[in-house]
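Shown next, in structure tokens, is the structure this report addresses.
Each ligand, and each atom within it, is numbered from 1 in the order the structure gives.
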Amino acid sequence: MRIDIITVLPELLDSPFAHSILKRGRQKGIIEVNVIPLREFATNKYKSVDDYAFGGAAGMVMMCEPIANCIDHLKLQRNYDEVIYLTPDGELFSQAMANQLSLKGNLIMLCGHYKGVDERIRQHYITKEISIGDYVLSGGELAAAVVSDAILRLVPGVMNDETSALTDSFQDGLLSPPVYTRPAEFRGIRVPEILLSGHEKNINEWKHQQSLERTAHRRPDLFAKYHS
Ligand code: ADE
């Protein structure tokens, strides 16, 4: 899978894909992340990518031309399954959406800045708009990193068995159970005895019960969906 991220702040995306699971996935050649500085596609001598809003609203708007030029340029090289715009008024991101997007081949992500992008870009180029939550970030970069991370780790071969996504919170609609490591006793607090028993069936039942209790307590909204 390949993700091309269009941004006015490429430096912000230097680190998120350069470590741990995603770094290994990139080294194995299974996933590719390409950060594209939007300013390279600016057309005037000042390399502008934003301009005043028509109608006198406060704040700047990202201009059509650099974005259109950039997306056209990318599309000449390959086909894209989705052109995603990260924006607080997009569809709320979820594990289900990450699962679906992880099955795609090539994605473009456009990071918004200032007051957002000219509506004509949204209408004519963008195929999907995603929000990562009901709060406003200074730009779409961190949202693009969050969405890309959630998608890319699911691509087959990126994770090994140890880091398998199948047991993640949300994958079965429940939160994960608590986990413990050595020592079996820490400052007088013991690991639940059942986890030391070696009895796989009982352990799995215990984990499931813990997941149910945790979800019911912390996320009654998820719990209600799980039972419906
Ligand atoms: N850009 C600014 N805030 C955002 C959010 N909550 N989700 C996605 N993109 C954003």
Atom 7 (N) of ligand 1 has as its nearest protein heavy atom Ile132 N, 3.0 Å
Which residue and non-hydrogen atom of the protein lie closest to atom 10 (C) of ligand 1, and at what distance in Å? Pro88 CD, 3.6 Å
Proximity to ligand 1 by part of Ala143, non-hydrogen separation under 4.0 Å: side chain
Residue part near ligand 1, for Thr87, under 4.0 Å between non-hydrogen atoms: backbone
contact_flag Gly112 ligand 1 heavy-atom lt 4.0 Å: no
Asn34 and Asp4: side-chain donor and acceptor closer than 3.5 Å? yes
Check this for me - ligand 1, Val136, N or O atoms closer than 3.5 angstrom, yes or no? no
Provide the closest heavy-atom pair for Glu141 versus Cys111 in the form atom of the first, atom of the second, distance. OE2-CB, 3.5 Å
Pick one: which of Val49, Ile67, Ile36 meets side chain to side chain contact (heavy atoms under 4.5 Å, CB included) with Phe41? Ile36
Numbered atoms and elements of ligand 1 in range of Ile130, under 4.0 angstrom, heavy atoms: 8 (C)
Any luck finding a side-chain donor-acceptor pair between Asp72 and Tyr125 under 3.5 Å? yes
Determine whether a donor-acceptor pair (N or O, by modelled atom type, separation under 3.5 Å) exists between the side chain of Tyr85 and the backbone of Val117. yes
Angle class for the Phe223/Tyr226 ring planes (parallel below 30°, perpendicular above 60°, tilted otherwise)? parallel
shortest atom 3 (N) of ligand 1-to-protein heavy-atom contact is with Leu137 N, 3.0 Å
Ignoring hydrogens, what is the shortest heavy-atom contact between Ala150 and Phe93? Give both atom names and the distance. CB-CE2, 3.7 Å
Should you measure from each heavy atom of Ser131, which atoms of ligand 1 turn up under 4.0 Å away? 6 (N), 7 (N), 8 (C)
Can you pull out the closest protein heavy atom to atom 6 (N) of ligand 1? Residue, atom name and distance to 0.1 Å, please. Tyr135 O, 2.8 Å
